[in-house]
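Here the structure is a predicted model, which is why all the values come from computation and not from measurement.
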Amino acid sequence: MPKFYFDVRDGSRFIPDEEGSNLADLAAAEREAAVAAAEIGRERLPQGELRTIVVEVRNHHGQRVLTATAALTVERVVPEPGPQLSD
């Protein structure tokens, strides 16, 4: 089974995966990266200024083979709508 490493970019922080995970193939690593990005994003993105979580996947040679990104975009309506007038 190939080994994959899941490094996380959390804003300006870089958290390398030193242990890695043995997975069946690249498709399994892609699913794992997507789940990890979504879970981290669900916890961290709504709490502050951070708007993007990136999980970079490396193979056993240390080569990046894919990237999964979870992002949060908030758009406010400006000016804020007022109360609706009834007829």
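- In this structure the side chain of Glu56 reaches within 4.5 angstrom of the side chain of Phe14, judged on heavy atoms.
- Nearest heavy-atom pair across Ala70 and Ala37 is CB-O, 3.4 Å.
- Contact between Thr52 and Ala71 at its shortest, heavy atoms only, is OG1-CB, 4.1 Å.
- Smallest separation of non-hydrogen atoms from Ala33 and Val57: CB-CG2, 3.6 Å.
- A heavy-atom distance below 4.5 Å is not found between the side chains of Val8 and Val54.
- The shortest heavy-atom contact between Ala24 and Ala28 is N-CB, 4.2 Å.
- A 4.5 Å side-chain heavy-atom check between Phe6 and Glu32 finds at least one atom pair inside the cut-off.
- Contact of the Thr67 side chain with the Val55 side chain is not registered, since no non-hydrogen atoms from C-beta on lie closer than 4.5 Å.
- Both Val65 and Leu23 are assigned to one and the same hydrophobic cluster, defined by single-linkage of ILVMFWY side chains at heavy-atom distances under 4.5 Å.
- Placement of Leu66 and Ile15 within a single hydrophobic cluster is found when ILVMFWY residues are connected by side-chain heavy-atom separations under 4.5 Å, directly or transitively.
- Results of the side-chain contact (heavy atoms from CB on, under 4.5 Å) test with Phe4 over Asp17, Asn22, Asp25, Leu26 single out Leu26 as the only residue that passes.
- In this structure, Glu80 has no side-chain contact (heavy atoms from CB on, under 4.5 Å) partners at least two apart in sequence or on a different chain.
- In this structure, Ile53 and Arg9 have side chains that are not in contact, with every pair of non-hydrogen atoms separated by 4.5 Å or more.
- Other residues, nucleotides and ligands place no more than 12 heavy atoms under 6.0 Å from the CD atom of Glu19.
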